[in-house]
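Here the structure comes first, spelled out in structure tokens, and everything after it is commentary.
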Amino acid sequence: MIPAGFLQELLTRVDIVDVVGRHVELKRGGANFMGLCPFHGEKSPSFSVSPSKQFYYCFGCGASGDAIRFLSEHLGLSFVEAVRDLAQGAGLTVPEEQVSPDERQRRDKLRERRLSLGDVLERAADFYRSQLKVQPRAIDYLKRRGLTGAVAARFGLGFAPPGWRTLAGVFPNYDDPLLEEAGLVRRRGGDEAATAVRPRDAEEGAPAEAAADRARYDWFRDRVMFPIRGVDGKVIGFGGRVLDDSKPKYINSPETPLFSKGRELYGLFEARQALRDKGHALVVEGYMDVVALAQSGFPNAVATLGTACTADHVQKLFRFTDSVVFSFDGDAAGRRAAGRALEASLPHATDLRSVKFLFLPTEHDPDSFVRELGPAAFEQQVAQAVPLSRQLIEQASHDADLGSAEGRARMLAQARPLWTALPDGALKRQLLPELARTAQMEPADLSSLWGQQLAARATASAGGQGPLRLLRRGAIRVRPAGPADIAVRLLLQHADWWDHLTPDDQQLLHDIGGTHGEIVRWLEGQLMEHGSTTWSAINDAIEGMPWVEDARAWVRAGLGDEGFGMPELQQALGMLMQEVLKQEADAIIAAEPGAEELLRYREILEQIKLIKTSRGAKTA
């Protein structure tokens, strides 16, 4: 973890006016600086930055915080990423937790490799941009799609020439393994030699026989290039689209230490301000849709990268906006994609967030719809998008005959895991009666039915895994898990919560010791190296760790935790702190305390009382 003392030193070494001023035009207004708020659309400055307090505040939307908070909120960085960004500018080195020399060496090598990969990708992006200017075919293609030079420049579009080894002119050491690791160059092998040649490559003097003899070749050839940027604006990968109807239409960079399709969204860097101005994110399926929509007045569009929408995608979007609209084709494939997006969104659909689904006519994608029917018609489609609650019921009703008891039972069976995935709140509670009405049942009967099923599953789980559970209302009574079990379990399930804990809470978790402490230290290391991740990814990464079975057992024991949020984690931490304080108090009493020790004893009792009040934590 990052020590609190270092954070305090860092904030004294940076000037928040300089930090904010790199992103917002500020003008002095009395003792403070004023500018247009970057967190909501406004025409008159209401965003105040105080050099004396090293604090920002918006009188319009209430956004506030220090330099770390500003970078986190404005750039979508995690807490650790924001600290590292500031520390680098201040000439400080972020201290790390105590790790072995081998582990520190491994991390240093990984950072160096990432920096090297980033440099390679930036050079390639510069080359592709320069090639677009001298390729009439590519320029004509973009003009036919209605794109101007301004929007092409904004997204950094480029062109990969058709030759097999054009990057050899950019990188003198074409055999450098970094080119392959960055996904720019591939090594031919097996049947790939026979399938890699496209007609235009042969036209450019690279016949199949000659090309097959070459061991390495450019992965992107004869394609319009779409650089994929991280939230910091640096190129982390590419997407390439053909100029005709040949297949595959799109290809992407492979998975690298910098790029993961399941986490990144095309256009998110360019759309950051528009997400706040428009009030919502518009998620589409293709790079060209994003660029074309930006051209037509929808700069808040982003796209998944040739993969289904994931929970990581949704989580990243909600760092920038509280409203997301998914746009899909109206065909069967679009409906399946919507189903996956719904499942990814459900755990994040709190009462203050909005998720909607837009289905275009089967003959249109967003680009063609806007070009044929105009921006106003598309805006109307967005306004009429289906809310998550209705989409959940529609998805649950798929292939279910609601005119029969059997069909309604099928609908409920399909609805239950979707409904369970929602966080506890008004939306989830309102949906239960709606599902009951659709099934022609009384809400109390449905609640009782699902409560009984939950209790039966909990009984089976407890019989095999041991009583490591915190069961909520309506469930059977078993011995509850300890606060350390609950805290670690919730962090494994929701690793992104780590960055929202105070330094004191993080230190408390580090000090637990035993298996709990080992897992906490490992998890923080993963977050520092790879950023926020999902339980699915963590589950794969912990394979082979000495505590893997403990971690998996605690998560399996989390049946019924679907409605848990940060308040439950804070409550568990409060109970854990009470345990620590109670042990100290017991030790004082057992040692025949003097006046000074008794004073400390009374302080501990006051601390415990304060924790109960502030965190709602019961006595452990």
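Quantities reported herein were computed from a predicted structural model and do not represent experimental measurements. Residues: numbered from 1 along the sequence shown.
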Look at the rings of [X] and [Y] and say which category their plane angle falls in: under 30° parallel, 30 to 60° tilted, over 60° perpendicular.
{"X": "H74", "Y": "F39", "answer": "perpendicular"}
{"X": "Y287", "Y": "Y266", "answer": "perpendicular"}
{"X": "H494", "Y": "W497", "answer": "parallel"}

Per the side chain to side chain contact (heavy atoms under 4.5 Å, CB included) rule, which among L293, D365, L142 passes with M288?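 Going through L293, D365, L142 one by one, the side chain to side chain contact (heavy atoms under 4.5 Å, CB included) with M288 is satisfied by L142 alone.
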Heavy atoms of other groups near [X] [atom1], more than 12 under 6.0 Å:
{"X": "E363", "atom1": "CD", "value": "yes"}
{"X": "E255", "atom1": "CD", "value": "yes"}
{"X": "R241", "atom1": "CZ", "value": "yes"}

Taking all non-hydrogen atoms of both residues into account, name the closest pair between [X] and [Y] and its distance.
{"X": "T321", "Y": "L275", "result": "OG1-O, 4.2 Å"}
{"X": "V235", "Y": "P227", "result": "CG2-CB, 4.2 Å"}
{"X": "A311", "Y": "A344", "result": "N-CB, 3.6 Å"}
{"X": "L491", "Y": "L501", "result": "CD2-CD1, 4.4 Å"}
{"X": "A349", "Y": "L388", "result": "CB-CD1, 4.0 Å"}
{"X": "V325", "Y": "A385", "result": "CG1-CB, 4.1 Å"}

R371: which residues meet the salt bridge (Lys or Arg N to Asp or Glu O under 4.0 Å) condition with it, sequence neighbours left out?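 Residues passing salt bridge (Lys or Arg N to Asp or Glu O under 4.0 Å) with R371: D367.
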State, with a plain yes or no, whether a side-chain heavy atom of [X] is found less than 4.5 Å away from one of [Y].
{"X": "V120", "Y": "F171", "result": "yes"}
{"X": "S253", "Y": "F220", "result": "yes"}
{"X": "D218", "Y": "W164", "result": "no"}
{"X": "L167", "Y": "Y174", "result": "yes"}
{"X": "H280", "Y": "V324", "result": "no"}
{"X": "M411", "Y": "L435", "result": "yes"}
{"X": "V24", "Y": "F70", "result": "yes"}
{"X": "Y56", "Y": "D66", "result": "no"}

Can you tell me how far the [atom1] atom of [X] sits from the [atom2] atom of [Y], to the nearest 0.5 Å?
{"X": "K133", "Y": "Q131", "atom1": "NZ", "atom2": "CD", "answer": "11.0 Å"}
{"X": "F79", "Y": "R84", "atom1": "CZ", "atom2": "CZ", "answer": "12.0 Å"}
{"X": "E264", "Y": "L258", "atom1": "CD", "atom2": "CG", "answer": "9.0 Å"}
{"X": "L342", "Y": "Q395", "atom1": "CG", "atom2": "CD", "answer": "4.5 Å"}
{"X": "E181", "Y": "D176", "atom1": "CD", "atom2": "CG", "answer": "9.5 Å"}
{"X": "E379", "Y": "K278", "atom1": "CD", "atom2": "NZ", "answer": "5.0 Å"}

Ring-face cation contact, F318 with R353, 6.0 Å cut, 45° max: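 Verdict for F318: a cation-pi partner in R353.
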Only one of F226, F238, F159 clears ring-ring contact (aromatic ring centres under 6.0 Å, His included) with Y128; which?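 Filter result, single survivor: F238.
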Would you kindly say whether [X] and [Y] are connected by a side-chain donor-acceptor distance under 3.5 Å?
{"X": "R145", "Y": "Y141", "value": "yes"}
{"X": "D312", "Y": "T310", "value": "no"}
{"X": "S345", "Y": "H348", "value": "no"}
{"X": "T362", "Y": "D331", "value": "no"}

Does this structure show an ion pair linking [X] with [Y], if we count only N-O contacts that are shorter than 4.0 Å?
{"X": "R144", "Y": "D140", "answer": "yes"}
{"X": "D222", "Y": "R137", "answer": "yes"}
{"X": "R229", "Y": "E270", "answer": "yes"}

Starting from the C-alpha separation in whole Å, work towards a yes-or-no answer on side-chain hydrogen bond (donor to acceptor under 3.5 Å, both in side chains) for Q295 and T148. CA-CA 8 Å; Q295 175 79 55; T148 64; 3.2 Å; yes
For L431 and I393, what are the C-alpha separation, side-chain angles and deciding distance, and is it a side chain to side chain contact (heavy atoms under 4.5 Å, CB included)? CA-CA 9 Å; L431 260 175; I393 294 175; 4.2 Å; yes
Keeping the roles fixed (side chain from [X], backbone from [Y]), state whether a donor-acceptor pair exists under 3.5 Å.
{"X": "Q414", "Y": "H398", "result": "yes"}
{"X": "R416", "Y": "A413", "result": "no"}
{"X": "H313", "Y": "A341", "result": "no"}
{"X": "K428", "Y": "L422", "result": "yes"}
{"X": "R272", "Y": "F320", "result": "no"}

Before giving the answer on side chain to side chain contact (heavy atoms under 4.5 Å, CB included), spell out for F357 and R390 the whole-Å C-alpha distance, their side-chain angles and the decisive distance to 0.1 Å. CA-CA 10 Å; F357 298 83; R390 195 187 313 160; over 6 Å; no
Go through E180 and R216 one step at a time and tell me if the salt bridge (charged side-chain N to carboxylate O under 4.0 Å, His left out) criterion holds. CA-CA 9 Å; E180 193 171 342; R216 294 162 69 87; 3.0 Å; yes
Using side chain to side chain contact (heavy atoms under 4.5 Å, CB included), reason through V284 and V302 one step at a time and then give a plain yes or no. CA-CA 6 Å; V284 295; V302 299; over 6 Å; no
Could you walk me through whether D126 and R129 pass the salt bridge (charged side-chain N to carboxylate O under 4.0 Å, His left out) test, one step at a time? CA-CA 5 Å; D126 291 341; R129 280 195 296 271; 2.2 Å; yes
Does the pair V314 and C309 meet the rule for a side chain to side chain contact (heavy atoms under 4.5 Å, CB included), with working shown? CA-CA 8 Å; V314 176; C309 182; 3.8 Å; yes
